[in-house]
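Worksheet: the structure to be examined is printed underneath.
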Amino acid sequence: MEAVAEGLWALADHQEQKGEIGKAVKCLEAICQSDVSFFPIVEVKTRLRIATLLLKHSHNVNHAKSHLERAQLLLKSIPSCFDLKCRAYSLLSQCYHLVGAIPPQKQILHKALELSASAGHEITVKLWSCNFNSQLANALIIEGDYRSSISALEAGFVCAAEIYYPELQMFFATSILHVHLMQWDDESTVERAVTKCNEVWESLDPQKRQQCLGLLFYNELLHIFYRLRICDYKNAGAHVERLDAAMKADLQQMQHVQQLGRELNAVNQSLSRFDLHHRERSALSEKQARLQHQLSSLSTWSSTAPGSLEPAYFGNMKRTYGDKLELAPPPLDGEWLPKSAVYALVDLMVVALSRPKGNFKDSGKRIQSGIQTIQEELVKLGITDGVREVNLQHSAIWMAGVYLTLLMQFLENKVAMELTRSEFVEAQEALVQMKNWFMRFPTILQTCESIIEMLRGQYAHAVGCYHEASFHYIEAAKLTESKSMQAICQIYAAVSYICIGDSESSTQALDLIGPVYRMMDSFVGVREKTSALFAYGLLLMKQQDLQEARNQLAKGLQLTHTHLGNLQLVSQYLTILGSLALALHDPGQAREILRSSLTLAKKLSDIPAQISVLSILTALYQELGEKGHELENLEFQKKRADELQKRLADAHSSIYHIELIEQVKVEVQQFHGVDINRANMGPSMSDSLDIPESVGLSAQLPTHSSSRLVDLDSGRRGKRRI
């Protein structure tokens with residue numbers, strides 16, 4: 001009977017190679033359903049193979065789970081078979097993970113760890129222990145038990161150290177950093193985790209580092225998330241450049257691999273001919289061996305070696321050669337995200353750093369490329385027009401969440417970029433896309449709801465609808481539990497109230513700015529502090545406390561320039577400081593500051609900012625009696641104003657305008673029975689990447705003359721201070 005089983009196994013392998021997965025499963029199930037009994041170990045191996053096929057090529061997780069549970073029962077009666085028992089535990093754990101059954105997953109993993117703890121100190125035993133600790137950490141993260149998750153990862157790190165496996169130590173070190181970034185108890189703890197990653201990475205041989213491409217991407221991305229969180233954009237940029245270079249090099253290598261594959265296929269086809277002369281066949285055989293050697297030399301860990309356990313692909317079809325960025329060797333399920341998602345994330349990081357600097361051409365290309373990649377992957381997951389989250393297979397939810405969240409981040413950046421350069425209609429379209437995606441996948445994209453409301457506020461403010469803008473900002477603050485997001489939205493709302501200009505609105509602005517200003521030093525980084533200083537300085541200027549306004553704004557400008565590198569916010573700071581310098585009778589400094597601000601506004605194609613600066617410069621030239629400069633300035637200002645009015649008219653006449661500004665938050669239909677429980681993907685995926693960054697100064701806010709600057713009805717409002 002063993003010969004029969006081996007024959008059916010071989011036939012199943014053949015059917016799988018042909019892509020006939022259903023037939024392969026039927027071959028294997030014939031063994032399990034046979035009237036003639038096979039040895040238990042034969043049935044166990046067969047059921048493990050069926051489960052692997054189902055997890056790799058289908059969404060039929062429950063079917064795979066039933067085979068694994070039966071295999072586990074059979075294994076209880078077999079005293080040895082450590083490797084098979086571990087495979088069964090590992091695959092069953094993945095099944096529970098895919099269906100969201102975390103308590104039974106943890107139970108299985110604890111049993112697996114008990115087994116490995118009693119099995120000795122061989123390398124294979126330690127590798128299985130690393131596998132189970134890694135999966136347990138992931139399960140604990142889903143439950144929000146970060147402390148226990150870190151303990152499991154630290155146990156894995158110790159196992160890797162015991163077998164002198166530095167690459168595996170790096171896997172656990174980066175995983176620990178990832179959890180710390182998600183939890184973020186205090187900055188010093190996260191910094192120690194970053195330092196540990198650097199130490200382990202430096203201990204690797206340089207050649208080994210090049211081979212560990214998955215670890216390279218994972219480590220660099222986590223460093224970028226950390227640097228962005230603490231507003232260290234300069235050092236984040238160095239990591240992004242390394243990532244971008246590695247991605248381009250890998251894409252070139254993949255093209256080389258594909259070319260070698262085509263050549264090998266052609267050689268194999270030629271060798272299948274029966275009429276080849278001996279010399280020609282010998283030459284082709286040599287070429288075949290050479291090509292096979294070249295291909296094998298380009299691979300890293302081989303998760304497809306005979307007898308190895310292939311990790312589950314979360315319901316995706318089996319990916320082609322080189323389409324995985326492995327973090328660790330078998331038997332670990334060492335992939336963080338599919339390569340396409342990682343590459344999209346690299347593009348997103350490039351956008352996050354280049355867009356605030358006004359590099360819109362490259363940002364636009366990256367956004368377009370990223371969105372296209374993600375849409376292709378969504379189609380593979382069955383997410384086409386009309387599909388909603390209630391229609392998704394449970395095993396596809398996690399991966400769908402990855403790509404949908406990335407898509408929303410790209411669209412968010414597009415909205416921010418288009419609003420910065422006054423392309424209001426383009427911003428409308430991207431924002432409506434975000435809204436529509438959210439309405440189709442409200443549970444998966446729940447964290448995006450507040451971001452959409454914030455961007456609706458940004459759009460409303462940009463087109464001069466300040467009442468509507470303040471409404472959406474306040475709604476956005478209500479929809480998030482993030483203190484940082486709440487603070488930013490309150491500041492944006494305050495600026496919109498300041499732009500309304502009446503006494504009541506200024507009071508409301510102060511009520512919003514005050515709490516944020518008092519706690520601005522408690523936030524990680526300086527993002528909230530720079531925005532709070534800007535808004536407070538603006539309010540002080542309207543209250544005619546010009547010197548104190550100048551001090552607050554100068555402090556904020558220095559922080560923004562040093563830490564953020566956000567040119568739009570720098571430009572806004574300079575505009576207000578130039579206006580203050582003029583009001584404080586310092587025309588020389590005013591001229592210098594305003595010229596710098598105008599240069600930045602032109603670089604950003606920010607038309608409202610250009611008009612603001614030009615209006616103040618006109619007042620400056622009037623005061624200095626420079627008639628030529630004044631007339632030249634007025635002419636340019638009129639052209640810019642006409643262009644802005646045209647764009648505003650187009651925006652107001654759009655079918656999307658009312659939908660976006662109306663003072664109603666997005667209402668979605670809640671689908672009962674949709675149970676989505678997935679791991680947080682870290683700060684890069686769940687939090688806004690410092691978007692849209694601009695405080696949102698309007699064209700009408702800066703004064704058209706120095707006399708208006710000091711006559712802003714401040715007498716009635718008084719000088720209430722924070």
Is [X] reaching over with its side chain to a backbone N or O of [Y], donor-acceptor style, under 3.5 angstrom?
X      : Y      : result
Arg366 : Leu348 : no
Tyr473 : Gln458 : yes
Ser571 : Leu567 : no
Tyr466 : Ser496 : no
Thr507 : Ser503 : yes
Tyr573 : Leu553 : no
Ser531 : Arg527 : yes
Glu453 : Glu475 : no
Glu377 : Tyr403 : no
Asn391 : Arg388 : yes

Note, [X] side chain near [Y] side chain (heavy atom, < 4.5 Å):
X      : Y      : answer
Gln568 : Pro356 : no
Lys435 : Glu659 : yes
Tyr226 : Ile230 : yes
Leu378 : Trp437 : yes
Asp362 : Arg355 : no
Met454 : His472 : no
Phe438 : Glu449 : yes
Tyr621 : Arg591 : yes

How many angstroms lie between atom [atom1] of [X] and atom [atom2] of [Y], to the nearest 0.5 angstrom?
X      : Y      : atom1 : atom2 : answer
Leu533 : Ile491 : CG    : CD1   : 9.0 Å
Tyr497 : Leu510 : OH    : CG    : 13.0 Å
Ile607 : Thr420 : CD1   : OG1   : 12.0 Å
Arg647 : Arg421 : CZ    : CZ    : 9.0 Å
Leu221 : Leu243 : CG    : CG    : 5.0 Å
Phe534 : Thr560 : CZ    : OG1   : 9.5 Å

**Request:** Starting from the C-alpha separation in whole Å, work towards a yes-or-no answer on side chain to side chain donor-acceptor pair (under 3.5 Å) for Gln486 and Thr480.
**Result:** CA-CA 7 Å; Gln486 290 170 357; Thr480 181; 5.6 Å; no
Which pair of heavy atoms, one from [X] and one from [Y], lies closest together, and at what distance?
X      : Y      : answer
Val402 : Ala341 : CG1-CB, 4.1 Å
Leu648 : Ala462 : CD2-O, 4.2 Å
Ser470 : His467 : OG-O, 2.7 Å
Gly386 : Arg440 : N-NH2, 3.8 Å
Val524 : Glu528 : O-OE1, 3.9 Å
Val613 : Ser597 : CG2-OG, 3.3 Å

With a cut-off of 6.0 Å (strictly less than), are more than 12 heavy atoms of other residues, nucleotides or ligands near [atom1] of [X]?
X      : atom1 : value
His652 : NE2   : yes
Gln663 : CD    : yes
Glu592 : CD    : no
Phe523 : CZ    : yes
Glu632 : CD    : no
Gln558 : CD    : no

Distance-only donor-acceptor check, side chains [X] and [Y], under 3.5 Å:
X      : Y      : answer
Gln552 : Tyr517 : yes
Thr618 : Asn633 : yes
Asn235 : Asp232 : yes

**Message:** Please confirm whether the ring centroid of Tyr218 lies under 6.0 Å from the ring centroid of His178.
**Reply:**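 Between His178 and Tyr218, which both carry aromatic rings, the centre distance is below 6.0 Å.
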**is_close_aromatic(His461, Tyr492), centroid dist under 6.0 Å** =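 No.
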**Message:** My understanding is that only one of Leu617, Thr575, Asp606, Leu594 makes a side-chain contact (heavy atoms from CB on, under 4.5 Å) with Ser612; could you say which?
**Reply:**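 For Ser612, the side-chain contact (heavy atoms from CB on, under 4.5 Å) check succeeds only for Thr575.
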**Message:** Here's a test for you: under side-chain contact (heavy atoms from CB on, under 4.5 Å), which of Lys414, Glu412, Gln372 qualifies with Ile367?
**Reply:**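 Answer to the side-chain contact (heavy atoms from CB on, under 4.5 Å) test with Ile367 among Lys414, Glu412, Gln372: Lys414.
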**Request:** Go through the steps to decide whether His657 and Tyr459 satisfy the test side chain to side chain donor-acceptor pair (under 3.5 Å), and finish with yes or no.
**Result:** CA-CA 9 Å; His657 176 69; Tyr459 168 75; 2.8 Å; yes
**Request:** Report the C-alpha distance between Leu644 and Lys639 in whole Å, list the side-chain angles of each, state the deciding distance to 0.1 Å, and finish with yes or no for side chain to side chain contact (heavy atoms under 4.5 Å, CB included).
**Result:** CA-CA 9 Å; Leu644 179 61; Lys639 288 179 181 178; over 6 Å; no
**Asked** Does the salt bridge (charged side-chain N to carboxylate O under 4.0 Å, His left out) test come out yes or no for Lys646 and Asp642, once each step is laid out?
**Response** CA-CA 6 Å; Lys646 179 181 180 301; Asp642 290 344; over 6 Å; no
**Derivation and outcome, side chain to side chain contact (heavy atoms under 4.5 Å, CB included), residues Phe441 and Ile383** = CA-CA 11 Å; Phe441 300 90; Ile383 299 177; 3.7 Å; yes
**Asked** Parallel, tilted or perpendicular: which fits the ring planes of Trp336 and Phe225, with parallel below 30° and perpendicular above 60°?
**Response**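 Rings of Trp336 and Phe225: perpendicular, as their planes differ by over 60°.
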**Request:** Decide yes or no on side chain to side chain donor-acceptor pair (under 3.5 Å) for Ser354 and Ser363, but give the supporting numbers first.
**Result:** CA-CA 6 Å; Ser354 62; Ser363 295; 2.9 Å; yes
**Asked** What residues form a side-chain contact (heavy atoms from CB on, under 4.5 Å) with Ala649, not counting sequence neighbours?
**Response**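 For Ala649, no residue satisfies side-chain contact (heavy atoms from CB on, under 4.5 Å) once neighbours in sequence are set aside.
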**Message:** Whether Lys365 and Asp347 form a salt bridge (side-chain N of Lys/Arg under 4.0 Å from carboxylate O of Asp/Glu) is what I want to check.
**Reply:**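 Here Asp347 does not pair with Lys365 in a salt bridge, since their nearest N and O are not under 4.0 Å apart.
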